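Below you'll find the structure, written out as structure tokens, and then a few comments.
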Amino acid sequence: MRHLLEHERPVVAYLFELAGMPVDLDALIVHPMSDGGMGSLAIVPFDSSRRFGSSPAECHFYDLDGIPVSAALNLDQDGKPFEIDVCRVDFEPTVGWPSHTELLAGPPNNSFKPTPLRGAA
């Protein structure tokens, strides 16, 4: 168990903002999930009776290598924050985390158009 790392804060804050839910990022306790290094986080309390209930917010960003990454705030069956689900579309580890200004609401574009690398002019 740990607090959020600095690079995780923009994604988590944005998801709670999209969901219209207040969050104290300094008090949030998480546990990295076994997802191959993509960055998913379980949110306390860690209780085996908790189950997925809904996903009120989703956003995406483009990793440093241009691969789309989806992030979703999932709530448990009681409407409490359950996890931050992070998934690169190629299932490889996330290379770099975005700033708040690089986050886009909703799922990634599925048009298969090439995406520009972050920081490219």
Side-chain angles (χ1 to χ4, degrees):
M1 293 190 311
R2 63 171 174 76
H3 290 280
L4 289 174
L5 300 177
E6 197 60 37
H7 69 268
E8 297 164 336
R9 294 171 73 91
V11 172
V12 174
Y14 189 62
L15 287 169
F16 275 87
E17 179 184 321
L18 286 175
M21 297 177 69
V23 64
D24 180 352
L25 295 180
D26 295 324
L28 199 63
I29 304 295
V30 298
H31 187 306
M33 297 171 66
S34 180
D35 68 356
M38 289 185 280
S40 297
L41 301 167
I43 301 172
V44 296
F46 308 118
D47 180 346
S48 61
S49 68
R50 294 178 79 201
R51 300 281 182 255
F52 172 82
S54 65
S55 185
E58 182 177 6
C59 68
H60 69 282
F61 60 94
Y62 295 97
D63 210 338
L64 294 174
D65 57 4
I67 301 296
V69 180
S70 171
L73 170 62
N74 293 332
L75 307 180
D76 68 12
Q77 70 273 19
D78 297 322
K80 305 280 190 241
F82 181 54
E83 65 187 13
I84 303 295
D85 184 26
V86 179
C87 184
R88 256 179 71 116
V89 300
D90 64 357
F91 302 104
E92 293 294 319
T94 300
V95 178
W97 287 72
S99 67
H100 190 276
T101 59
E102 296 170 311
L103 292 164
L104 303 162
N109 179 352
N110 292 325
S111 70
F112 300 105
K113 293 179 189 172
T115 56
L117 297 178
R118 273 199 291 171

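Numbers here simply count residues along the sequence, with the first being 1. Remember, predicted model here, so these are calculated numbers, not experimental data.
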(Q) Applying side chain to side chain contact (heavy atoms under 4.5 Å, CB included) to L28 and H3, what does each step give before you reach the verdict? (A) CA-CA 6 Å; L28 199 63; H3 290 280; over 6 Å; no
Between [atom1] of [X] and [atom2] of [Y], what distance do you get to the nearest 0.5 Å?
{"X": "L15", "Y": "C59", "atom1": "CG", "atom2": "SG", "answer": "4.0 Å"}
{"X": "L41", "Y": "M33", "atom1": "CG", "atom2": "CE", "answer": "8.5 Å"}
{"X": "T94", "Y": "F61", "atom1": "OG1", "atom2": "CZ", "answer": "5.5 Å"}
{"X": "D65", "Y": "D90", "atom1": "CG", "atom2": "CG", "answer": "7.0 Å"}
{"X": "I43", "Y": "I84", "atom1": "CD1", "atom2": "CD1", "answer": "4.5 Å"}
{"X": "Y14", "Y": "H100", "atom1": "OH", "atom2": "NE2", "answer": "6.5 Å"}

Nearest heavy-atom pair of [X] and [Y]: which atoms, and what distance?
{"X": "L103", "Y": "P10", "result": "CD1-O, 3.5 Å"}
{"X": "M21", "Y": "P81", "result": "CE-CG, 4.1 Å"}
{"X": "P93", "Y": "G36", "result": "CG-O, 3.3 Å"}

(Q) Filter on ring pair (Phe, Tyr, Trp, His ring centres under 6.0 Å), then keep only pairs touching residues 63-82, sequence neighbours left out; what's left? (A)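 Those involving residues 63-82 do not exist here.
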Q) Please, which pairs that meet salt bridge (Lys or Arg N to Asp or Glu O under 4.0 Å) have at least one residue in residues 66-78, sequence neighbours excluded? A) R50-D76
Exam field: side chain [X] to backbone [Y], donor-acceptor pair closer than 3.5 Å:
{"X": "D35", "Y": "S40", "value": "yes"}
{"X": "D24", "Y": "D26", "value": "yes"}
{"X": "S54", "Y": "L75", "value": "no"}
{"X": "E83", "Y": "N74", "value": "no"}

**Q.** Exercise: do S70 and E58 side chains pair donor with acceptor under 3.5 Å
**A.** yes
Hphob cluster co-occupancy, [X] + [Y], side-chain heavy atoms under 4.5 angstrom:
{"X": "F16", "Y": "L18", "result": "yes"}
{"X": "M38", "Y": "V69", "result": "no"}
{"X": "F52", "Y": "L73", "result": "no"}

Q: Kindly determine whether K80 and D47 satisfy salt bridge (charged side-chain N to carboxylate O under 4.0 Å, His left out), including the steps that lead there.
A: CA-CA 12 Å; K80 305 280 190 241; D47 180 346; over 6 Å; no
(Q) Working note: R2 + V30, criterion side chain to side chain contact (heavy atoms under 4.5 Å, CB included); need CA distance, chi angles, decisive distance, verdict. (A) CA-CA 6 Å; R2 63 171 174 76; V30 298; 3.8 Å; yes
Q: Quick one: list whatever passes ring pair (Phe, Tyr, Trp, His ring centres under 6.0 Å) with F46, sequence neighbours left out.
A: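 F46: ring pair (Phe, Tyr, Trp, His ring centres under 6.0 Å) contacts with H31.
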Q) Heavy-atom distance under 4.5 Å between the side chains of Y62 and L104, does that happen here? A)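 Touching, per the 4.5 Å side-chain cut-off.
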Q: Answer yes or no: does atom CZ of F91 have more than 12 heavy-atom neighbours from other residues, nucleotides or ligands under 6.0 Å?
A: no
